[in-house]
Amino acid sequence: MILNKVFTLIVLILFFFSAFSQQKYALVIHGGAGVMSKAEMNKERQAEYKAKLEEALVKGETLLKGGASSTDVVVEVIKIMEDSPLFNAGKGAVFTRAGKNELDASIMEGKNMNAGAVAGVKDIKNPIEAAREVMENSEHVLLSGKGASEFSRRQGLETVNNKYFYTRSRYESLKRLQKQERKRAPSDNTGTVGCVALDVNGNLCAGTSTGGMTNKKFGRIGDSPIIGAGTYASNNTCAVSCTGHGEYYMRLGFAKDISALMEYKNLGVEEACLEEIRKLGELGGTGGVIALDANGNIAMEFNTSGMFRGFIKSTGEKEIAIFAHD
Ligand code: ASP
């Protein structure tokens, strides 16, 4: 009799525990920061971007709810944006001076600080998958160019002809920029993509993927595939993905610096991002950042007029925005 009662009590406790202890998860994405104005981006275009960001968030949330690891989520979410011509990553990558596309990507896990990255790849359909392969199946962190492609091919990743990455609008941007080059016209690279995720097991992961900067030359590599500059994750602090003028992010060790501000100065994730964006501005750099801590606190900061961005949390909170004052 007593045993029966104890058993019922245990079952009831377990029931209430599973019903009310909500499994915490969070997901933040960006689709690039840059010069954006409502006057120049018509409503249809805004809606297109928002729909793609929504698709990526919904996919990520479905995976997180199902118990997927933050690594799986970061890769799947970034692939959606890489496959879209809207963003400067994968399909919509910007052009080099020579009229080719060279892509960079990186990923880092917060639980063990494993990381992988590829730089200057020309034929890998989804560079974020290549970054993951480097992290999980090589003894290296960063592979570049032909070697990175050969490794990815051996890992069975899908390869494409460089022409796959052609989009008219990015090609026209290149031509426009080359025409105005002497006037030092600003280049439009907006559209790097990034994702930071916290899974139900409390593990953080960060990933970033980009075509780099329009008209780049001499094998230029930016911050996006550099661990500590464009991407960083540690379960002790936060997961970070950056977008903006890479040369400044590299000089600052931007992503790692945000983690350091949290670790050594006890700043919250938002405070740390704001401080780092302040430093970026002081140096003359522009761009943005998304970050997420192990408690699900998020930050989406930038010093440009816009950043494609969004987040979703297990609390039901959700936002998708483009302009600074959205
Ligand atoms: N950070 C990228 C790079 O410098 C570009 C961007 O995010 O807009 O390659």
Kindly indicate whether the side chain of [X], heavy atoms from C-beta on, has any atom under 4.5 Å from the side chain of [Y].
X	Y	result
V118	I124	no
S70	L204	no
K318	L27	no
N189	K216	no
I128	I107	yes
V289	F254	yes
V73	C205	no
F308	I322	yes

To the nearest 0.5 Å, what is the distance between [atom1] on [X] and [atom2] on [Y]?
X	Y	atom1	atom2	result
F165	L103	CZ	CG	5.0 Å
C273	M262	SG	CE	8.0 Å
D293	N236	CG	CG	11.5 Å
I312	T62	CD1	OG1	8.0 Å
L142	S106	CG	OG	9.0 Å
L64	Q23	CG	CD	11.0 Å

Salt bridge between [X] and [Y], side-chain N to carboxylate O under 4.0 Å?
X	Y	result
D326	K38	yes
E150	R154	yes
K79	E82	no
E172	K175	no
E275	R278	yes
E55	K52	yes

Do the side chain of [X] and the main chain of [Y] share a donor and acceptor less than 3.5 angstrom apart?
X	Y	value
R170	G92	yes
K217	T96	no
Q178	N215	no
T243	A33	yes
S305	M36	yes
N162	K122	yes
N88	G211	yes
D223	Y249	no
R309	G31	no
N201	N203	no

Positive for side chain to side chain contact (heavy atoms under 4.5 Å, CB included) with I227, one of M113, M108, K256: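 Between I227 and the candidates, side chain to side chain contact (heavy atoms under 4.5 Å, CB included) is satisfied uniquely by M108.
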Applying the side chain to side chain contact (heavy atoms under 4.5 Å, CB included) criterion to I78, which one of S241, P127, S209 satisfies it? S209
Stepwise side chain to side chain contact (heavy atoms under 4.5 Å, CB included) check, L57 with I320: CA-CA 9 Å; L57 283 179; I320 291 175; 3.8 Å; yes
Considering residues, nucleotides and ligands other than [X], do more than 12 of their heavy atoms fall under 6.0 Å from its [atom1]?
X	atom1	value
K313	NZ	yes
K59	NZ	no
K163	NZ	no
Y166	OH	yes

Check for me, please, whether [X] and [Y] land in the same ILVMFWY cluster - side-chain distances under 4.5 Å, paths through other members count.
X	Y	result
L63	V28	no
Y164	V94	no
V193	M41	yes
I258	L283	yes

What's the shortest heavy-atom distance between [X] and [Y], and which atoms?
X	Y	value
L292	V269	N-CG2, 4.1 Å
T167	P85	CG2-CB, 3.9 Å
G222	I226	O-CG1, 3.3 Å

If you apply the rule side chain to side chain contact (heavy atoms under 4.5 Å, CB included), what do you find for L53 with M81, and how did you get there? CA-CA 8 Å; L53 294 172; M81 294 191 280; 4.2 Å; yes
Where do T231 and T208 land on the side-chain hydrogen bond (donor to acceptor under 3.5 Å, both in side chains) test, with the steps shown first? CA-CA 6 Å; T231 302; T208 311; 2.6 Å; yes
Compute both the distance and the angle, then confirm whether R251 meets the cation-pi test with Y248: under 6.0 Å from the six-membered ring centre, within 45 degrees of the axis. yes
Criterion side-chain hydrogen bond (donor to acceptor under 3.5 Å, both in side chains) on E158 and N126, from CA distance to verdict: CA-CA 8 Å; E158 188 174 351; N126 291 107; over 6 Å; no
What verdict does the side-chain hydrogen bond (donor to acceptor under 3.5 Å, both in side chains) test give for E109 and T71, after you've listed the backbone C-alpha separation in whole Å, the side-chain angles of each residue and the deciding distance to 0.1 Å? CA-CA 7 Å; E109 291 181 329; T71 310; 2.6 Å; yes
